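First the structure, in the form of structure tokens, and then the observations on it.
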There are 2 protein chains.
Amino acid sequence: MRSVESRDDATARSRIRDAALRRFAADGLGVGIRAIATDAGVSPALVLHHFGSKDGLRDACDDHAFAVIREVKRVALGPTGPDQLLVQLASVAEYAPVAGYLMRAMQSGGPRGREAFEHFVSDAEQYVAEGVAAGTLRPSRDEKARIRWLTLSGMGAMLLALALEDPPPDDLAAWLQRYTAEISLPALEAFTEGVLTDRRMLDAYLSYVSDPPARDETAAS
Amino acid sequence: MRSVESRDDATARSRIRDAALRRFAADGLGVGIRAIATDAGVSPALVLHHFGSKDGLRDACDDHAFAVIREVKRVALGPTGPDQLLVQLASVAEYAPVAGYLMRAMQSGGPRGREAFEHFVSDAEQYVAEGVAAGTLRPSRDEKARIRWLTLSGMGAMLLALALEDPPPDDLAAWLQRYTAEISLPALEAFTEGVLTDRRMLDAYLSYVSDPPARDETAAS
DNA sequence: TAGGATCCTGAACATGCGTTCAGTCGAGTC
DNA sequence: GACTCGACTGAACGCATGTTCAGGATCCTA
């Protein structure tokens, strides 16, 4: 009715997309179009009118999420781990839904989840390379495998912790900070001092992969 | 189709439960009763007749899964990590669906997922305590937090890797072994040599939080 | 002022879900 | 033989989902 509201109305399409982002982040990707439409204050049919289908809506969410990530990475930098990008993202209240959405996307897997995941892997790639070059991170015998494992572990732990939360937290940023606080000590401890006391297992593995593997012990037919 | 099938028929109820276990493991907990009933060669109504509801069917799956785990743990021995119990379980072809089901249960979260998760945490508790006592594992400043983090990371990484797989692998045991092979080097490397080169971040954290978190009953530093 | 495109809605449709129910079949019991 | 009881099924119900469609409302343009 006013110019202010009509400015909101001009972004009706993006209002739906934002509502979808929020709902997806809060309740997972299974939420119905009707719930999203209600949140946005429109009819379910309008959602389809603008995005064609629920999949089209997901496309728009993906595009927006990746755009935000790209923008944020252009400004801020140097987190301490592959999962810290999300924490930083969520700490900006405006971007919290984007962080939540990306988490749900990875959690639900599939090609879209994989795309989001690879995004974080390549982010970690850059960050680890810088750390190794600066001398703060040890080099790895297989850098690519280590980065993938670090991302898998950091993200996976976070996603599992979130999934186990019941009911799902309403304030994602606060939850992420609490989670980070809980894992900081063990993670730092393990990553600076290690977990194993000696090199026997590592050396055994290294000699195992360098020599032709003789496999008859653990195999069960 | 007399005595042989009637022997199968005597376990009609368990045949449904096994089909459910397999289906749940393969396609996630979202699969419908009709699909399970078809797999078991019965009508959907019979599933409800035996288990009351889909939730009752899940109860039966949980009970059976935990029973198998208890039995396997009684026989087999010390794995090398919190996620290796599942790998060992799946390596026995007969128990692979159980392992897959437990993974899906944790993935889907909620109270039931949490129950499964806590099962693995307490398993890791015992295993880590033995390792520390034997001198193969370093003690932690907060043992409870470390065990939780280790389980969260190991399981989370595995579940995320599985979720990203598209389409979901049909042979879970083979997939788990391939996955283990991929992460063995970086995990062993990080856990014996560490990832960070110096103690600055850890020391900074330790001085930041004055002393280890509240619960230190078991911490005998 | 008229025409047309765009935004938007209410009511439906098709589908799949978990679940219910009336009733059939077959074996064991009096 | 009649009766009972559990296993079992086919057909339906109620509900929620994504989607479609005819048409109303609004605004821009000619």
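In the text below, chain A, chain B and the rest are named by the order of the sequence lines, each starting its count at 1. Just so we're clear, the structure is a prediction, and the values are computed from it rather than from any experiment. Any value given below was found using the heavy atoms of this structure, including those in side chains, with hydrogens, waters and symmetry copies removed.
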Could you list, one pair per line, each protein nitrogen or oxygen that sits under 3.5 Å from a nitrogen or oxygen of nucleotides 17-19 of chain C, together with the distance?
{"from": "C/dG18", "atom 1": "OP1", "to": "B/Lys54", "atom 2": "NZ", "distance (Å)": "2.8"}
{"from": "C/dG18", "atom 1": "OP2", "to": "B/Ile33", "atom 2": "N", "distance (Å)": "2.9"}
{"from": "C/dG18", "atom 1": "N7", "to": "B/Arg34", "atom 2": "NH1", "distance (Å)": "3.0"}
{"from": "C/dG18", "atom 1": "O6", "to": "B/Arg34", "atom 2": "NH2", "distance (Å)": "2.9"}
{"from": "C/dT19", "atom 1": "OP2", "to": "B/Lys54", "atom 2": "N", "distance (Å)": "2.6"}

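A straight line from CG of A/Leu29 to C1' of D/dT17 spans 15 Å, rounded to a whole angstrom. In this structure, CG of B/Leu46 is placed 15 Å from C1' of C/dT20, rounded to the nearest angstrom. Atom CD1 of A/Ile16 is separated from atom C1' of C/dC8 by 10 Å (rounded to the nearest Å). Regarding A/His49, its NE2 atom lies at a distance of 10 Å from the P atom of C/dT9, rounded to whole Å. Look at CZ on B/Arg15: it is 14 Å from P on D/dA7, rounded to the nearest Å. In this structure, CG of A/Leu57 is placed 15 Å from P of D/dT17, rounded to the nearest angstrom. Protein atom NE2 of A/His50 is 12 Å distant from nucleotide atom C1' of C/dT9, rounded to whole Å.
Classified by interplanar angle (parallel below 30°, tilted 30° to 60°, perpendicular above 60°), the ring pair A/Trp149/A/Phe191 is perpendicular. Using cut-offs of 30° and 60° on the angle between ring planes, the pair B/His119 and B/Phe66 is parallel.
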Assess whether side chain to side chain donor-acceptor pair (under 3.5 Å) is satisfied between B/Tyr101 and B/Arg23, documenting all intermediate values.
CA-CA 9 Å; B/Tyr101 172 76; B/Arg23 269 282 185 175; over 6 Å; no

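In terms of the ring pair (Phe, Tyr, Trp, His ring centres under 6.0 Å) criterion, A/Tyr205 has no residue partners (sequence neighbours excluded).
A salt bridge does not link B/Glu115 with B/Arg112: every distance from a Lys NZ or Arg NE/NH1/NH2 to an Asp or Glu carboxylate oxygen is 4.0 Å or more.
The CD atom of A/Gln177 sits 9.0 Å away from the CG atom of A/Asp171 when rounded to the nearest 0.5 Å.
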